[in-house]
Amino acid sequence: MVSPRYNRIYGVVRRIPRGRVATYGQVAELAGFPGQARQVGYALRALSDDANVPWHRVINARGELSPRAESTSVHVQRALLRAEGIRFDAEQRVSFVKYRWKPR
DNA sequence: TTTATGGCTGTCA
DNA sequence: ATGACAGCCATAA
């Protein structure tokens, strides 16, 4: 059994459409925990592999992928995003103007 | 209970 | 543009 906030966070992440990205802060806010972006990171970190959550669509406020314990994960994440049609610039950053998820 | 550590973020030098 | 700092607070030990 997981804590309610985690479920809340997972729910928000699941709403991110394909080909779009959201920041940790944004997810935190939508989940009802403004300013707690870090907790979002923890929630995603604790996420099991078989869980149906597109964790790769969540990136940091700079438009970059957040490095995790596993150094390979960044590489994987980037591959997943590109597979969804998201482009990276020379700095390996995502354009929020184009891909930022705008929930209504 | 106290400490240390984080897949973050905004501000300032 | 890059680096340092300070808040947010849940987990693990």
Side-chain angles (χ1 to χ4, degrees):
Chain A
M1 187 58 191
V2 286
S3 61
R5 18 184 125 61
Y6 275 29
N7 276 325
R8 191 101 181 177
I9 291 171
Y10 298 151
V12 172
V13 176
R14 259 188 277 256
R15 280 193 235 148
I16 304 175
R18 196 166 174 281
R20 299 257 124 164
V21 296
T23 66
Y24 290 92
Q26 189 181 355
V27 172
E29 192 174 334
L30 292 172
F33 311 107
Q36 301 184 193
R38 224 164 183 167
Q39 307 323 321
V40 175
Y42 286 113
L44 297 182
R45 181 182 190 241
L47 197 52
S48 52
D49 313 328
D50 59 320
N52 192 20
V53 178
W55 58 273
H56 55 276
R57 294 181 191 149
V58 183
I59 62 181
N60 66 31
R62 294 174 172 177
E64 307 174 311
L65 307 185
S66 296
R68 215 177 75 153
E70 292 276 322
S71 58
T72 59
S73 65
V74 177
H75 191 69
V76 174
Q77 183 172 14
R78 188 164 52 208
L80 288 170
L81 291 175
R82 296 184 85 187
E84 297 188 348
I86 292 178
R87 300 270 202 92
F88 290 81
D89 63 12
E91 299 292 324
Q92 301 297 334
R93 288 186 298 173
V94 176
S95 169
F96 282 125
V97 186
K98 298 178 185 172
Y99 307 112
R100 185 178 177 133
W101 174 45
K102 300 160 190 172
R104 46 168 184 164

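Side-chain atoms are counted along with the backbone in the values below, which use heavy atoms only and exclude waters and symmetry mates. Below, chains carry the letters A, B, ... as their sequence lines are ordered, and counting in each starts from 1.
Of the inter-residue distances, the one linking A:Arg45 atom CZ with A:Ser73 atom OG reads 11.0 Å to the nearest 0.5 angstrom. From A:Trp55, atom CH2 reaches atom CG of A:Leu47 across 9.5 Å, with rounding to the nearest 0.5 Å.
Between A:Thr23 and A:Phe96 there is a side-chain heavy-atom pair separated by less than 4.5 Å. Side-chain contact between A:Gln26 and A:Pro103: present, with at least one pair of heavy atoms (C-beta onward) separated by less than 4.5 Å.
Grouping the Ile, Leu, Val, Met, Phe, Trp and Tyr side chains by contacts below 4.5 angstrom, directly or via other members, places A:Val58 with A:Leu80. Residue A:Val53 is grouped with residue A:Val76 when hydrophobic side chains (ILVMFWY) are merged at heavy-atom distances under 4.5 angstrom, including chains of intermediate members. A single hydrophobic cluster is seen to contain both A:Tyr24 and A:Ile16, as judged by linkage of ILVMFWY side chains at heavy-atom distances under 4.5 Å, directly or through other members.
Stem regions annotated for DNA chain C: B:2-6 with C:9-13, B:8-13 with C:2-7, counting only runs of 3 or more consecutive pairs of Watson-Crick or G-U type with both contacts under 3.5 Å.
When heavy atoms are screened at a 4.0 angstrom cut-off, A:Gln36 is found touching the sugar-phosphate backbone but no base atom.
The A:Arg45 side chain lies nearest to B:dG7 when the options are C:dA10, B:dG7, C:dT11. Among the nucleotides C:dA1, B:dC8, C:dA10, the one closest to any side-chain atom of A:Gln39 is C:dA10. Listed nucleotides: B:dG10, C:dA10, B:dG7. Nearest to the side chain of A:Ala61: B:dG10. Side-chain atoms of A:Trp55 lie closest to B:dG7 of the nucleotides C:dA1, B:dC8, B:dG7. Nearest to the side-chain atoms of A:Arg93 among the listed nucleotides B:dG7, B:dT9, C:dA1 stands C:dA1.
Within the structure, the side-chain hydrogen bond (donor to acceptor under 3.5 Å, both in side chains) test picks out the following pairs touching residues 80-97 of chain A (sequence neighbours left out): A:His56-A:Glu84, A:Arg57-A:Glu84, A:Arg78-A:Gln92. For residues 2-13 of chain A, there are no side-chain hydrogen bond (donor to acceptor under 3.5 Å, both in side chains) pairs, not counting sequence neighbours. Applying the salt bridge (Lys or Arg N to Asp or Glu O under 4.0 Å) definition to pairs two or more places apart or across chains, none involves residues 94-104 of chain A.
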In residues 27-34 of chain A, what donor-acceptor pairs under 3.5 Å come from side-chain atoms, sequence neighbours left out?
none

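Here the C1' atom of nucleotide B:dG7 and the OH atom of A:Tyr10 are 12 Å apart, to the nearest Å. A straight line from CD1 of A:Ile9 to P of B:dC8 spans 13 Å, rounded to a whole angstrom. A:Arg5 places its CZ atom 9 Å from the C1' atom of C:dC9, with the value rounded to the nearest Å.
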Which atoms of nucleotides 3-6 of chain C (N or O only) lie under 3.5 Å from a protein N or O atom, and what are those distances?
none

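Listed in residue order, the members of residues 96-104 of chain A having a heavy atom less than 4.0 Å from DNA chain B come to none. Within residues 63-75 of chain A, the residues having any heavy atom under 4.0 Å from DNA chain B are, by residue number, A:Ser66, A:Pro67, A:Arg68. Residues from residues 13-29 of chain A that place a heavy atom under 4.0 Å from any atom of DNA chain B, listed by number: A:Thr23, A:Tyr24, A:Gly25.
Considering only residues two or more places apart in sequence or on other chains, A:Pro17 meets the side-chain contact (heavy atoms from CB on, under 4.5 Å) condition with A:Arg20, A:Trp101. When the side-chain contact (heavy atoms from CB on, under 4.5 Å) test is applied to A:Val74, the partners found at least two apart in sequence or on another chain are A:Leu65, A:Pro67.
Atom CZ of A:Arg14 has more than 12 neighbouring heavy atoms from other residues, nucleotides or ligands inside a 6.0 Å radius.
Of all heavy-atom pairs between A:Ile59 and A:Gln77, the closest is CG2-NE2, 4.1 Å.
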